[in-house]
Amino acid sequence: YRRTPAAVLIFLIVCGMVALSISSEMWSKFVRHGDYWPNIYSIQVVNEFPHDPRAFTQGLLYVDDDTLFESTGLYGMSSVRRVALKTGKAEAFQKMDDSYFGEGLTLFGERLFQVTWLKQKGFIYDRYNLSKLEEFNHQMKDGWGLATDGKVLFGSDGSSTLYQIDPQTFKVIRKNVVKYNGREIRNLNELEFINGEVWANVWMTDCIARISHEDGMVLGWILLPSLREGLIAAGYNGIDVLNGIAWDRNKSRIFVTGKLWPKLYEIKLRPVK
Ligand code: DDQ
Ligand code: CA
């Protein structure tokens, strides 16, 4: 009977260790996936720049030198442009055929890749003179957003699927369903690859989802209603939804704008406690 207390003690210690290891694993999973620990961010505007109010922004990216590339939609008004950040002026402009509606845009190597709405057709342009180099067909259900990590293309088609596409063959390498707390997040639109995450505008909302491209989990939400509401309050009635995220990786600057918005904003995130 002398041995019993020691055995019980060891048994309890082992149980405790198992419980601890399970709960810490679950805890880190919850933290990582945002469940129980929602990573919500509001924004602070640190700079405002002019933006062409006729640009129905569907794709936006920043490369360097205070220069943005932008893809615009609407039939007859679709374009790819190189835009000076400070003036909002297009320094180079490539009008698209009237039958195409420009959508997501990204720079892969020295070439700009663009997808179009309601057609599985994409275009490749020279980044310097915006001349059209090639066309391609992709396998997404539609062409909405486009971004890259320098290895694959990330694509969205208005569903909850985040696609990974081979930039040479345009085959789908991987598909992840984007979810937050177990719920599918649909209407993923304009994309940006930022510090290992894929950020996506959710169409018709003032929200950006920060997505893990490893499992599709939403890691956090950025809430930006103040931008659209501020423009409306200032009398800009013709504006459409928030759309367009660009990332200056050298200076860690985040830019956002919207369809037919007269302004483009540089923002910083503020975690909501
Ligand atoms: N998409 O951005 C959701 C992919 C496409 C939106 C197309 C909306 C066309 C509406 C035209 C409104 C004219 C001001
Ligand atoms: Ca973008």
Side-chain angles (χ1 to χ4, degrees), residues 51-64 67-83 85 96 98-108 112-122 127 138 140-150 152-163 185-195 197-211 213 222 224 228 231-232 236-249 253-262 264-267:
H51 178 250
D52 180 358
R54 287 154 305 173
F56 198 82
T57 309
Q58 300 288 63
L60 189 72
L61 64 133
Y62 179 97
V63 183
D64 50 26
T67 303
L68 299 151
F69 287 98
E70 186 166 356
S71 162
T72 69
L74 298 178
Y75 294 110
M77 289 177 69
S78 290
S79 68
V80 178
R81 23 176 115 177
R82 189 172 68 241
V83 177
L85 170 68
M96 295 176 70
D98 287 354
S99 58
Y100 287 105
F101 193 113
E103 285 284 340
L105 185 73
T106 194
L107 181 72
F108 188 87
L112 292 160
F113 288 56
Q114 180 197 37
V115 289
T116 61
W117 193 37
L118 302 180
K119 300 196 167 75
Q120 263 85 20
K121 178 77 70 192
R127 74 174 274 195
H138 61 80
M140 297 189 287
K141 295 211 179 77
D142 196 2
W144 285 41
L146 216 52
T148 185
D149 61 357
V152 300
L153 302 176
F154 295 103
S156 67
D157 62 1
S159 69
S160 56
T161 302
L162 178 67
Y163 294 82
I185 305 300
R186 298 190 171 81
N187 287 315
L188 301 175
N189 203 0
E190 217 274 337
L191 303 176
E192 196 60 41
F193 183 77
I194 302 182
N195 282 339
E197 301 174 1
V198 176
W199 291 21
N201 274 141
V202 179
W203 186 45
M204 305 270 274
T205 76
D206 293 306
C207 306
I208 292 172
R210 296 175 57 166
I211 302 163
H213 59 86
I222 306 162
L224 313 93
R228 197 181 42 75
L231 288 171
I232 300 278
Y236 297 106
N237 294 311
I239 64 166
D240 203 275
V241 293
L242 170 84
N243 203 37
I245 314 165
W247 170 240
D248 171 4
R249 63 203 306 222
R253 293 187 291 175
I254 307 162
F255 302 103
V256 294
T257 190
K259 307 180 185 191
L260 310 177
W261 285 22
L264 179 138
Y265 301 92
E266 181 191 342
I267 58 164

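Atoms within a ligand are numbered from 1 in the order they appear, just like the ligands themselves.
- Remark: side-chain polar atoms of Glu190 are not paired, donor with acceptor, to backbone N or O of Gly104 under 3.5 angstrom.
- Ring geometry for Phe56 versus Phe101: interplanar angle over 60°, hence perpendicular rather than tilted (30 to 60°).
- Between Phe113 and Phe108, the ring-plane angle classifies as perpendicular under the 30° and 60° cut-offs.
- For a heavy-atom separation below 4.0 Å, the residues in contact with ligand 1 are Gln58, Leu74, Phe101, Glu103, Trp117, Trp144, Asn189, Trp203, Lys259.
- Inspection of the environment of the Ca ion (ligand 2) yields the following protein N, O or S atoms under 3.0 Å: Leu60 O, Glu190 OE1, Glu190 OE2, Leu191 O, Glu192 OE1, Ile245 O.
- In this structure a side-chain-to-backbone donor-acceptor pair under 3.5 Å is missing from His213 to Val198.
- Formation of a donor-acceptor pair under 3.5 Å by the Trp203 side chain with backbone atoms of Leu188 is not found in this model.
- Checking side-chain atoms of Ser78 against main-chain N and O of Met96 turns up no donor-acceptor pair under 3.5 Å.
- Of the possible polar contacts, none joining the Ser156 side chain to the Gly158 backbone as a donor-acceptor pair under 3.5 Å is found.
- Here the straight-line distance linking atom CG of Leu105 with atom CZ of Arg81 works out to 11.5 Å at 0.5 Å rounding.
- A donor-acceptor pair under 3.5 Å is formed between the side chain of Gln120 and the backbone N or O of Lys141.
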